[in-house]
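Structure first, commentary second.
Proteins come first, then strands; the chains are lettered A, B, ... in the order of their sequence lines, and each starts at number 1.
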There are 2 protein chains.
Amino acid sequence: MSADPALRREIPDATVARLPEYLRTLSRLAEDGVPSVSSEELAAAVGVRSAQLRKDLSHLGSYGVRGVGYDVETLALEISRALGLTEDWPVAIVGMGNLGHALASYSGFVTKGFRIVALFDDDPALVGERVVDIAIRPLAELDDKHAVDPISIGVIATPAQAAQAVCDRLVGAGISSILNFAPAVLSVPAGVDVRRVDLSTELQILAFHAQRKALAAGHLGTAVVS
Amino acid sequence: MSADPALRREIPDATVARLPEYLRTLSRLAEDGVPSVSSEELAAAVGVRSAQLRKDLSHLGSYGVRGVGYDVETLALEISRALGLTEDWPVAIVGMGNLGHALASYSGFVTKGFRIVALFDDDPALVGERVVDIAIRPLAELDDKHAVDPISIGVIATPAQAAQAVCDRLVGAGISSILNFAPAVLSVPAGVDVRRVDLSTELQILAFHAQRKALAAGHLGTAVVS
DNA sequence: TCAACTTTGTGCATGGCTTCACAAACGTCT
DNA sequence: AGACGTTTGTGAAGCCATGCACAAAGTTGA
């Protein structure tokens with residue numbers, strides 16, 4: 001059988017979503033020179049239950065030592081491998097307005113596994129400008145295989161109206177992983193992954209809970225007067 | 001009993017997370033002059049199953065008409081009320097680097113329910129600068145009740161190291177809804193809601209699936225050779 | 001008024017995720 | 001070497017969310 005459970009078994013989505021958090025915390029521990037952690041300690045640092053952490057990690061394989069815990073460096077490496085961060089993922093950003101600029105300058109990219117290789121925008125005022133040492137190009141060049149390095153992940157930071165058209169072009173260029181910051185639902189063929197990050201959705205969810213708290217604490221006016 | 005099921009019953013988190021999407025789509029339909037939609041149509045536009053949409057909406061109350069569908073304007077209003085968007089939520093942004101600037105300029109704020117009332121940063125080079133007609137102030141002024149309007153929601157757009165300290169100040173100032181863009185786990189007292197938006201987490205999840213696709217499509221080397 | 005058609009709201013079954021609880025496994029100390 | 005304390009890995013149970021299928025309720029047309 002395969003030596004690597006991460007490739008053999010199916011890792012639940014809920015687990016995959018937590019792995020980056022584990023990895024971040026482990027990296028910090030490694031920097032601090034901590035050699036090993038128990039599931040209890042790591043779980044507390046991340047804000048989950050220790051049982052959940054152990055079950056999550058069990059999907060990757062068996063990297064803990066009973067009675068001791070997990071070796072920080074080893075576990076960080078295994079999570080990196082499971083997430084695919086041992087290879088380099090070339091990223092392109094489309095839409096270089098305020099958000100696109102902020103994303104390109106964001107330090108989170110360079111740190112591990114991701115590398116920005118291209119910036120696109122059709123606004124003539126932006127084309128040619130250099131951000132983090134990369135020139136902004138018109139989107140049409142995306143299709144030119146000779147002009148553009150291979151791209152694994154496309155980031156959409158355009159206004160909502162343009163998002164679907166940009167998405168279609170990215171998919172047409174063979175990109176099958178898309179991170180969408182535009183407040184729009186994208187339709188893509190099967191096999192293409194889209195993840196959406198939306199500021200106003202998050203704010204609205206916060207508003208819902210804030211309202212609930214306000215109603216519960218203070219004036220539950222209409223609710224109590226049967 | 002109460003007339004408003006949204007206040008009476010508990011709405012599942014999974015449903016709350018989808019309501020903003022429904023609302024966005026309904027708003028677009030309303031702009032286009034569409035008077036009513038069936039659950040089938042709306043669900044297709046949002047990308048969910050119609051049964052799920054109906055079950056979600058049933059948690060808010062019974063606003064559909066059998067044989068016809070939902071009145072677009074009415075349903076949009078009811079979702080707005082459930083989410084608490086009929087009131088105004090004053091927002092403060094802390095950390096006015098690239099990301100903070102982009103967020104402040106982001107049009108998603110002004111549209112509905114949210115209003116930026118304060119910008120904070122301790123960098124002397126930034127203090128005093130005006131963004132969207134609001135002056136950036138040092139964080140210390142947050143505690144000065146006379147200098148700052150009431151704030152419902154705090155947005156953290158600082159580097160990770162500063163996030164917990166900023167969070168503590170926000171909580172100290174009575175803010176119980178926080179949107180965190182910094183890659184850090186925040187610990188807060190009970191009753192405070194924190195939602196995190198993290199670029200690198202999203203990229204890493206995409207990388208995981210991209211790796212899976214790459215392995216499945218091409219070289220499934222180690223996996224097949226039992 | 002009544003029959004035919006459409007669409008909602010929901011009970012029920014299904015599936016996945018989380019939590020519990022404990023046996024197995026490891027290190028340590030005598 | 002053997003007993004003891006600690007921590008992992010995992011079966012089992014419980015919980016929440018999703019999807020199915022249909023009765024109830026409404027509209028339309030004759």
Salt bridge present between A:Glu78 and A:Arg81 (N-O < 4.0 angstrom): yes
Between B:Ser27 and B:Lys112, a side-chain donor and acceptor under 3.5 Å: yes
Phosphate-side-chain proximity, A:Arg18 and C:dT18, N/O vs OP1/OP2 below 4.0 Å: yes
Check: A:Tyr70 and A:Arg54 side chains under 4.5 Å, non-hydrogen atoms: yes
Under 4.0 angstrom between B:Tyr70 side-chain N/O and C:dG9 OP1 or OP2: yes
Phosphate OP1/OP2 of D:dT7 contacted by A:Ser39 side-chain N/O (<4.0 Å): no
Contact check, side chains of B:Thr15 and B:Arg18, non-hydrogen atoms, under 4.5 Å: yes
Close approaches to DNA chain D from residues 41-51 of chain B, in residue order (heavy atom, under 4.0 Å): B:Arg49, B:Ala51
Donor/acceptor link under 3.5 angstrom from B:Lys55 side chain onto base of D:dG19: yes
Electrostatic pair A:Arg49:A:Glu40 at N-O distance under 4.0 angstrom: no
Any A:Ser38 side-chain nitrogen or oxygen under 4.0 Å from OP1 or OP2 of D:dT7: no
Proximity to the side chain of B:Pro12 - top-ranked nucleotide from D:dA21, D:dT8, D:dA17: D:dA17
Short side-chain N/O contact from B:Tyr63 to OP1 or OP2 of C:dT7, under 4.0 Å: no
OP1 or OP2 of D:dG9 under 4.0 Å from side-chain N/O of A:Ser62: yes
Polar pair under 3.5 Å, donor/acceptor by atom type, side chain B:Arg66, base C:dT8: yes
